[in-house]
Structures are given as structure tokens and as C-alpha cells.
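Convention: sequence-line order gives letters A, B, ...; per-chain numbering from 1. Since this is a predicted model, take the numbers as computed values, not measurements.
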Number of protein chains: 2
Amino acid sequence: MNISTKFPVAVHTLILLSVSPPGTATSEMIASSVNTNPVVIRRITGMLGRAGLVEARAGVAGARLRKPLADITLLEVYQAVNGMGEGELFAVHDSPNPNCEVGRNIQAAMNPIFIAAQRALEQVLEQTTVADVAGDISQLEGIQLPDFFAVTHS
Amino acid sequence: MNISTKFPVAVHTLILLSVSPPGTATSEMIASSVNTNPVVIRRITGMLGRAGLVEARAGVAGARLRKPLADITLLEVYQAVNGMGEGELFAVHDSPNPNCEVGRNIQAAMNPIFIAAQRALEQVLEQTTVADVAGDISQLEGIQLPDFFAVTHS
DNA sequence: CTATGTGAAACCATTCTAGTTACACGGTCA
DNA sequence: TGACCGTGTAACTAGAATGGTTTCACATAG
């Protein structure tokens, strides 16, 4: 299977938070841009909040960024919503036969590779910030960042 | 979620095929080492067969390797059983709002990162062969490779 | 011809994802 | 204060994927 959409949705959300006037980016407004349900967005902002990336107080509209986008790497976002321990990206078949030389060692033999592969993936994510993604979007639009405030959410 | 156990099971299977006398490594015997059902093993050898890594004729016991383990990278095994196109490791949230500057560009902006991250993971897998894993196992056992034939499957 | 083992289909329990409804509670503002 | 929003959270749902299991047709070896 593939890695859940929570990751791109979280990035999408962070960018909207950064370009929206304070108090504007409600979960409902973000949901209309992402094309999903407001509760899905709140679940994600909740995870981003527990990771210290945003601050959302119950009752007050719209979450606030706790860091500028340039200080948030994609890895932080990925880990906030996907929470994977070291090497846990890959599943292992449990309880292989301990009476077999291969069975009793296969996990120990493959584990370093799982860790290295996962780390390689994470290092790529670490080298890009959410601000880079936002910059790419503004380039794709051929507009300046301030114009982002003219967001239409029908 | 994490990447399915089919990958480590496939590696496990290939190693058993290589260390077992011809006609010995039936799906049932492999299943007893992996600790699963023989049909699960046959599904995997089927995928390995379609990828050209093994040859299994219906009716004759045990699949045969079509290449030495040293010529099979972990990436080949991974792709044989996990079949992911470029960038497909990451899921995207579909149909974001085209009326929003962020929504209509988020996918294009994130796609290169998805591709780069997946490729980084795959490159790690490409640098290791199944023979390397088998070698690690024999090191862990502190034995020589020929002794692998003394496999006990109770 | 019989034993055995593979390939494949069908079915099931479990788990995860994402969507949805519902509701209590915090804040804001009239 | 009290009405109104919006958040946080729980609970439920549909759908998909994984891994296990049974069953059976068929190929092959002896």
C-alpha cells in the first residue's frame, strides 16, 4: 500500500494557514480547498499541534503557525502525521521459524537495510521546507506571494 | 501504514531456494520457515516468477532460481512483490479545489519531492543483493554457507 | 494410476483510511 | 449574560488492502 494522504493534506493545510489572514483559515475553509471534511482537517491540525508546528485553541477560529514555513521541513510534517519509528516503514513477517537458520536470522539481517532505506527517504524530505513547496506553487501560478491572499473558496 | 511483509517474505523465500537441494524447497517447507500458509508462499513465488527471478512449473516440487542471488538486488525483489510506479509510494488527496491557488497546484508542487524520496529509498535497496543478506545470515550464524543445507524444518 | 505439489479462485477476519454525524466545550461579540 | 461559531473528540461507516484459509483443477514424478 502507499503512504497516506495525511502527509500532502498537512502540507496543504500549513500553506493555507500561512497565506490566510489570521482567523480566516477555519477547518471548514481548509477542507473546501483540500476537498474533504472539516473533521479530517481538525484531526490533522491536532497532530500538527502535538508536534509543535501549529497552535490551535478550541473555540478560536483558525490555527496559527508556531514557526515560519521556512523553518518547517517536510520531514517534520511527515513524521507529525505519519509517526514511524526507526525502520518501521517496512513491515516484517512475525515469528519466523526459530529452528531454521534462515528463519531465525532473516529479521536481524534485513533490519539494517530497512533502516537505511527509510532514512534515505526521510533525508530527502528533510532537505525541503514547506516554504519551498509554497514557493513552487507561487511559481506555478506565476504570481507573487502576497497575491495568495486573494484565495477563492466557493 | 507500512510496506507489506511480502518483501521480507520474498527475500526469505529466495534465500531458502538457494540453500536447499533441488526439489526440496516446496511451498509448504518454505511456509514452515516463514511461519505462514503455503498459499501465501505460492502467491509470492508467482510474483517472483512473473518478474523473471524464479521459475516454478506446476506439478514439480520447488521453484528454481533463474539467477544467482548475487545478481538479484533487493530492489528487484521489492518491485516484483510491491509493484509501485514512479512516485506512487505516496498517495495524493484527489480533486483539491481548483478555485484555490494552493489547491490547484499542490500536487504538481509535491510530486517531484515524492518521486525523489521514493527514488532515494529504492536506490538503497538497489545497492544490496539478496546474496548480501544471505551472507549476513551466515555471519550471524557463525557458520559457513555450505552448512546451510542442514536446515531443520520441524 | 497414484502421490504430491503447484496455480488459481473464492472467501474471511483484521486493519487502516477517510468520510460523516453528533456533541460538549471554549471564545467572541453583541 | 447569552447566542453563535468553531474546535476537539468520540463513534460509526464504507471501502480497500493484507494475510490466512479452503478448495479444486491440473501437471508431473514415480
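Between the P atom of D:dG19 and the CE atom of B:Met47 lies a distance of 9 Å, rounded to the nearest Å. Here C:dA8 presents its C1' atom at 10 Å from CZ of B:Arg50, a figure rounded to the nearest Å. At whole-Å resolution of the value, CG in B:Leu17 and C1' in C:dT6 are 14 Å apart. With rounding to whole Å, A:Asn37 atom CG is found 16 Å from D:dA14 atom P. Across the protein-nucleic acid pair, A:Phe90 atom CZ and D:dT18 atom P stand 15 Å apart, rounded to whole Å. Between the P atom of C:dT15 and the CG atom of A:Asn2 lies a distance of 21 Å, rounded to the nearest Å. In this entry the distance linking CZ of B:Phe7 with C1' of D:dT18 reads 17 Å, nearest Å. Look at NZ on B:Lys6: it is 10 Å from P on D:dA17, rounded to the nearest Å.
For B:Arg57 and B:Asn82, each mapped to the nucleotide of DNA chain D holding its nearest heavy atom, the one lying further toward the 5' end belongs to B:Asn82. With DNA chain C read from its 5' end, the first of the two nearest nucleotides for B:Gly46 and A:Pro38 is the one closest to B:Gly46.
Phosphate contact (OP1/OP2 of D:dT7, side-chain N/O of A:Ser27, threshold under 4.0 Å): present. Checking the phosphate oxygens (OP1, OP2) of D:dG20, a side-chain nitrogen or oxygen of B:Thr36 falls inside 4.0 Å. A close approach under 4.0 Å does not occur between any side-chain nitrogen or oxygen of A:Thr26 and OP1 or OP2 of D:dT7.
Here the nucleotide nearest the side chain of B:Thr45, chosen from C:dG7, C:dT17, D:dA17, is C:dG7. When distances are taken from the side chain of B:Arg43 to each of D:dT21, D:dG6, C:dG5, the shortest belongs to D:dT21. Out of C:dA8, D:dT9, D:dT7, the shortest distance to the side chain of A:Ala56 is found at D:dT7. Listed nucleotides D:dT21, C:dT20, C:dT17 differ in distance to B:Val39; the shortest reach to its side chain belongs to D:dT21. Considering only side-chain atoms of A:Arg42, the nucleotide from D:dT9, D:dT18, C:dG7 that sits closest is D:dT9. The side chain of B:Val40 lies closest to D:dG20, out of C:dG19, D:dG20, D:dT7.
From B:Leu16, atom CG reaches atom SG of A:Cys100 across 5.0 Å, with rounding to the nearest 0.5 Å. For the atom pair B:Leu75 CG and B:Gln79 CD, the distance stands at 4.0 Å (nearest 0.5 Å).
In this structure D:dT28 sits in no base pair that meets the Watson-Crick or G-U test at under 3.5 Å. In a base pair of the Watson-Crick type (N1 to N3 plus N6-O4 or O6-N4) or a G-U wobble (N1-O2 and O6-N3), with each distance short of 3.5 Å, C:dA30 is matched with D:dT1.
Put simply, the side chain of B:Glu86 never gets that close to the backbone of B:Ile115: no donor and acceptor are under 3.5 Å apart. No donor-acceptor distance shorter than 3.5 angstrom exists from the side chain of B:Gln123 to the backbone of B:Ala120, with no hydrogens or angles considered. Distance alone, capped at 3.5 Å, places no donor-acceptor pair between the B:Ser33 side chain and the B:Ile30 backbone.
Each of B:Ile15, B:Asp132, B:Leu53, B:Thr129 was checked for a side chain to side chain contact (heavy atoms under 4.5 Å, CB included) with B:Leu69, and the lone residue meeting it is B:Ile15.
In textbook terms, a nucleotide whose glycosidic angle is within 90° of 0 is syn, and C:dA3 is one such case.
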